Participant: 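Take a look at this one; I'll ask things after.
Labels below follow one simple rule: chain letters A, B, ... track the order of the sequence lines, proteins then strands, and each chain is numbered from 1. If you're wondering where the values come from, they're calculated on a predicted model, not measured in any experiment.
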Amino acid sequence: MVTRFAPSPTGYLHVGGARTALFNWLWARRSGGTFILRIEDTDLKRNTPTATRQVMQDLRWLGIEWDEGPEVGGPNGPYLQSERLDYYTRYARRLLDAGRAYYCFETPEELDAMRAQAEAQKKGFIYPRPPQFPSQQDVEKARAQGKPVTIRFALPLDKPLVVDDLIRGRISFHPAELGGDFIIIKSDGFPTYNFACVVDDYHMRITHVIRGQEHLMNTPGQKALWEALFPGEATPQYAHMSVTVSDTGGKLSKRERPQTLRAALETMPDIDLAKLAAVGGIPVEALQSFLRAESTPDIPAIEAMAAHLDVHLPEINIVDFFRSGYLPETMVNFLALLGWNPGDQREIMTVEELIRSFDPTRLTKSNSLFDRKKLLAFNTEHLRMEPPERVLAHFQAYLREAESPLLRADDPTRARILKLCEGARTFADVERKSIFVFIADDQVVFEEKAVQKVLFKDRALEILRQVREKLAGMDPLTEQGIEEMLRGLAEQRQVGLGKVAQPLRVALCGTTISLPIFDSVSLLGKERTLRRIDLTLRKFEAAAPA
RNA sequence: GGCCCCAUCGUCUAGGUAGGUCUAGGACACCGGGUUUUCAACCCGGCGACAGGGGUUCAAAUCCCCUUGGGGCUACCA
């Protein structure tokens with residue numbers, strides 16, 4: 001069995017693409033077959049130079065390795081369609097010679113006009129096949145006149161086209177309603193998707209294809225092409241899966257990120273636009289225009305501004321989830337369960353379990369919504385479940401990507417922090433709770449809310465001073481000693497531990513959320529703990545309400 | 001407009017091919033309670049669905065038809 005994932009290199013790997021790749025990969029692994037990566041870069045206008053590299057990087061992060069394809073090679077290469085042009089021209093020639101394809105010379109404008117006319121008559125557009133196919137001289141004449149030259153496949157109209165879909169069963173199409181003869185070679189000499197796909201699937205000996213529902217209507221045309229090109233040869237078996245839509249409404253689209261930022265900005269009226277624009281590295285005018293929904297800055301600018309304002313953008317691409325602190329194991333598990341299930345009630349599964357259980361006939365027919373809250377729950381579970389060394393390795397990668405101050409910690413410390421954060425939902429949570437240890441003592445940022453709710457209440461500063469004195473007298477500083485001291489103090493003052501621990505926490509971190517307090521003190525050490533308490537007392541004692 | 005696909009809790013889904021064992025199961029979310037040095041996690045409990053209408057049948061979530069709703073395609077994009 002040979003399966004494939006065939007993305008077009010237009011940007012990062014997105015959730016939908018990852019899901020398609022995953023199912024094909026699981027299927028190949030399940031059956032001991034081959035999984036091929038093929039890059040469909042036949043649209044010069046849409047290709048992004050770095051996209052192929054990005055897609056491969058994201059696949060590898062997910063653990064989806066290809067047996068044949070770019071960088072790994074294989075007997076059926078090359079694996080970039082732009083390097084396979086000779087195949088397509090050869091087969092187009094063959095169809096032309098057999099009278100199964102013909103040249104056309106309409107300009108895009110002429111085609112648009114024909115379509116508009118069909119629409120005005122409330123009819124579906126069907127390309128009118130000429131009674132006589134243009135000759136080679138006609139082609140030369142057209143070229144001389146500067147007309148575009150394309151090649152169309154003469155779709156057989158005599159019998160219904162039948163597709164046997166593994167998920168949806170037998171589907172029959174009337175060729176006359178399919179839009180007529182379609183283009184196989186564009187005027188730039190490149191093949192269209194439908195043509196290149198057939199030629200390559202044949203030459204790469206693809207036996208099984210799982211792809212999105214959006215390709216279902218392409219399948220009858222591809223089958224007809226296959227029969228004309230490779231009569232008697234079996235086409236791959238197709239499985240057209242459902243689509244995944246976003247829980248923020250509509251399709252999972254990259255526009256969601258800018259839109260989320262804009263919506264957040266609208267709730268912040270007194271914002272310093274000049275400063276924000278500087279953060280994003282764009283002119284103020286560009287930011288203003290963005291706010292009026294007239295333009296959109298590029299994604300790095302959007303992300304920088306969102307990070308600055310602490311606005312969480314919805315993740316769209318696989319790399320976004322990496323940057324938000326998700327585990328690849330989580331993504332694989334979650335994506336696999338969107339539109340598929342193992343047939344029993346298991347949900348949290350390892351990759352090995354997924355491979356063992358995968359059966360494409362269990363793919364769901366209906367579309368599903370990408371639920372980020374459930375994803376979060378899955379990540380919490382995987383963070384707890386995966387081997388600690390593996391989690392640590394992923395954590396390092398996350399920190400490197402984030403250029404986090406936690407990079408300054410050594411491995412044992414990071415492992416300790418990870419352990420203290422049991423129950424955390426993402427690496428971002430872990431980082432947020434422990435970052436205070438790795439910043440300079442005078443760089444602690446005090447959250448207004450924390451100050452008001454903790455430091456300025458219940459004689460917190462008085463307690464803090466007491467804590468400071470006791471801490472100063474402790475040598476050495478052990479977690480156990482700290483705990484006994486804080487508990488003793490709470491008891492002595494007839495208050496809950498929270499009344500003692502929270503002021504200390506805010507003094508050390510500036511926020512009410514951090515690692516467990518005893519570990520926070522021990523991680524910081526005696527000297528830095530005392531210094532932070534002193535800085536806090538100095539800063540807030542004068543300002544405290546009586 | 002034409003063609004094609006789909007329809008079970010708010011969400012992901014089990015059950016549908018072989019109609020009765022389904023007063024419809026699980027998970028996430030949500031709500032209530034518990035635990036607690038913060039957040040999270042954790043424990044207990046609760047809410048909650050067969051889109052509507054017709055058939056077929058002793059019996060329908062399950063089979064058939066219609067309606068409605070959602071999605072896709074209708075490109076010299078893939």
Participant: Report the residues that fulfil salt bridge (Lys or Arg N to Asp or Glu O under 4.0 Å) with A:R505, sequence neighbours left out, ordered by chain and then residue number.
Facilitator: none
Participant: Identify, with sequence neighbours excluded, every residue that meets side-chain contact (heavy atoms from CB on, under 4.5 Å) alongside A:N367.
Facilitator: A:Q213, A:S242, A:V243
Participant: Going by the rule side-chain contact (heavy atoms from CB on, under 4.5 Å), which residues pair with A:K499 if we only count those two or more places apart in sequence or in a different chain?
Facilitator: A:D458, A:V495
Participant: Checking A:Y398 now: which residues fulfil ring pair (Phe, Tyr, Trp, His ring centres under 6.0 Å) with it, not counting sequence neighbours?
Facilitator: A:F427
Participant: Could you check whether A:S187 gets within reach of a base, just the sugar-phosphate, or nothing at all, counting any heavy atom under 4.0 Å?
Facilitator: base
Participant: Please enumerate all residues that pass side-chain contact (heavy atoms from CB on, under 4.5 Å) together with A:R90, with sequence neighbours excluded.
Facilitator: A:Y87
Participant: Please identify each residue that fulfils ring pair (Phe, Tyr, Trp, His ring centres under 6.0 Å) with A:H394, with sequence neighbours left out.
Facilitator: none
Participant: Which of residues 10-19 of chain A have a heavy atom under 4.0 Å from RNA chain B?
Facilitator: none
Participant: Apply ring pair (Phe, Tyr, Trp, His ring centres under 6.0 Å) to A:F105 and list each qualifying residue two or more places apart in sequence or on a separate chain.
Facilitator: none
Participant: Under 4.0 Å: is that the gap between some side-chain N or O of A:K186 and OP1 or OP2 of B:C77?
Facilitator: yes
Participant: Name all pairs fulfilling the ring pair (Phe, Tyr, Trp, His ring centres under 6.0 Å) condition that reach into residues 160-187 of chain A, sequence neighbours left out, sorted by first residue then second.
Facilitator: A:F153-A:F182
Participant: Report, as a single string ordered 5' to 3', how protein heavy atoms within less than 4.0 Å touch nucleotides 70-75 of chain B: B base, S sugar-phosphate only, - not at all.
Facilitator: -BBS-S
Participant: Scan nucleotides 35-46 of chain B nucleotide by nucleotide, 5' to 3', and note B when protein non-hydrogen atoms come under 4.0 Å of the base, S if they reach only the sugar-phosphate, - if neither.
Facilitator: --BBBBSS----
Participant: Could I get the full list of ring pair (Phe, Tyr, Trp, His ring centres under 6.0 Å) partners for A:Y102, not counting sequence neighbours?
Facilitator: A:F133
Participant: Using only modelled atom types and a 3.5 angstrom limit, is any donor from either the side chain of A:S366 or the base of B:C6 paired with an acceptor on the other?
Facilitator: no
